[in-house]
Q: 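What follows is a single structure, and I will ask about it in a moment.
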Amino acid sequence: MKAVVTRVNSASVEIEGKINGAIGKGFLVLLGIGPNDTETEAELLAEKICNCRVFSDAEGKMNLNLETVGGSLLVVSQFTLFADLKSRRPSFSGAGKPDIAIPLYESFMNHCQRRGFTVEHGEFGADMKVVSENDGPVTLLFDTADWNR
């Protein structure tokens, strides 16, 4: 699994002219799922993102996590994170197919909710308009393939 996580003051996702999900302070999570990803990656990624300490404390140091600041998550499926960019026209054959990706997308969000967070989301496979007011900016790349399992 891959995730691009941006610290935001606010973010929203619109589908067919209607707001599908919106948050205030928190994380905008663009989530990509590969063909070999499992429930284990979904749970580990949720734990890492939810506990990531990138919010500023009283001294201005990135020392606080999402829970401490009362933040939420907006999760948007992003199969393009698995793009093969060897040629000018990207190939997306490295992305997980819907039968694998949809349950893991939902599982990731459920793991975040079980930790007590409000989770808003887009719609898997939909054409979405994503708006965010980045805070910092602070943007992080998570890739479970890089972690020792």
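From a predicted model like this one, the values you see are computed outputs, not experimental measurements.
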Q: Phe142, Met109: one ILVMFWY side-chain cluster at the under-4.5 Å cut-off?
A: yes

Q: What is the minimum heavy-atom distance between Glu120 and Gly21, and which atoms define it?
A: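 Smallest heavy-atom distance, with atoms named: OE1-CA, 3.4 Å.
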
Q: I want to check something: taking the side chain as every heavy atom from C-beta on, are Lys48 and Leu44 in contact at a cut-off of under 4.5 Å?
A: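 No, every pair of side-chain atoms sits at 4.5 Å or beyond.
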
Q: Please tell me if the side chains of Leu31 and Leu45 come closer than 4.5 Å, counting only heavy atoms from C-beta onward.
A: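 Yes. Closest side-chain heavy atoms under 4.5 Å.
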
Q: Taking Glu41 for its side chain and Thr38 for its backbone only, find out whether a donor-acceptor pair lies under 3.5 Å.
A: yes

Q: Minimum heavy-atom separation for Gly136 to Arg7, with atom names?
A: CA-NH2, 3.6 Å

Q: Can you tell me how far the CG atom of Leu28 sits from the CD atom of Glu133, to the nearest 0.5 Å?
A: 12.5 Å

Q: Nearest 0.5 Å please: distance from the CG atom of Leu30 over to the CZ atom of Phe79.
A: 12.5 Å

Q: Are Glu14 and Ile19 close enough that some pair of their side-chain heavy atoms sits under 4.5 Å apart?
A: yes

Q: Identify the two heavy atoms, one from Val8 and one from Ser132, that lie closest to each other, and give their separation to 0.1 Å.
A: CG1-CB, 4.0 Å

Q: Does Cys52 reach the side chain of Val5, with side-chain heavy atoms less than 4.5 Å apart?
A: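 Cys52 vs Val5: side chains apart.
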
Q: So do the side chains of Ile33 and Phe108 get within less than 4.5 Å of each other, counting heavy atoms only?
A: no

Q: Verify the cluster assignment for Phe92 and Phe82: are they in a single hydrophobic cluster under the rule of side-chain heavy atoms below 4.5 Å apart?
A: no

Q: In this structure, are over 12 heavy atoms from other groups packed under 6.0 Å from Asp127 atom CG?
A: no

Q: Looking only at non-hydrogen atoms, find the nearest pair between Glu39 and Leu104 and report the distance.
A: N-CD2, 3.6 Å

Q: Please lay out, stage by stage, how Asn9 and Lys25 fare under the test side chain to side chain contact (heavy atoms under 4.5 Å, CB included).
A: CA-CA 4 Å; Asn9 290 321; Lys25 179 182 276 309; 4.2 Å; yes

Q: Quick one: CG on Asn134 to OG on Ser10, what's the gap to the nearest 0.5 Å?
A: 9.0 Å

Q: Got Arg53 and Asn65 here, is their nearest side-chain heavy-atom distance under 4.5 Å?
A: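 Yes. Closest side-chain heavy atoms under 4.5 Å.
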
Q: Step by step, work out the side chain to side chain contact (heavy atoms under 4.5 Å, CB included) result for Val4 and Gln78.
A: CA-CA 9 Å; Val4 175; Gln78 193 76 38; over 6 Å; no

Q: Does Ile15 share a hydrophobic cluster with Ile102, counting links as ILVMFWY side-chain heavy atoms below 4.5 Å and allowing steps through other members?
A: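 They do not share one cluster, since no chain of ILVMFWY contacts under 4.5 Å joins Ile15 to Ile102.
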
Q: Rounded to the nearest 0.5 Å, how far does CD of Glu43 lie from CZ of Arg115?
A: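 Rounded to the nearest 0.5 Å, the CZ-CD separation comes out at 6.0 Å.
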
Q: If you look at every heavy atom in Tyr105 and His121, which pair is closest and at what distance?
A: OH-CB, 3.6 Å

Q: Nearest 0.5 Å, please: how far is CG in Leu66 from OG in Ser72?
A: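 Taking OG in Ser72 and CG in Leu66, the distance rounds to 7.0 Å.
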
Q: Let's go through Glu47 and Asn51 carefully: what are the C-alpha distance in whole Å and the side-chain angles of both, what is the deciding distance for side-chain hydrogen bond (donor to acceptor under 3.5 Å, both in side chains) to 0.1 Å, and is it a yes or a no?
A: CA-CA 6 Å; Glu47 189 276 326; Asn51 289 308; 3.0 Å; yes

Q: With a 6.0 Å cut-off on ring centres, are Phe55 and Phe27 close enough?
A: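 Close enough - the centres of the two rings lie under 6.0 Å apart.
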
Q: So, taking the atom named CD in Gln113 and the one named SG in Cys50, what distance separates them when rounded to the nearest 0.5 Å?
A: 10.0 Å

Q: May I ask you to test the Val138-Met62 pair for a side-chain heavy-atom distance under 4.5 Å?
A: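 The answer is yes, as the side chains (C-beta and beyond) meet within the 4.5 Å cut-off.
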
Q: Taking side chain as C-beta onward, heavy atoms only, is Thr144 less than 4.5 Å from Asp37?
A: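 Side chain of Thr144 against side chain of Asp37, heavy atoms only: contact under 4.5 Å found.
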
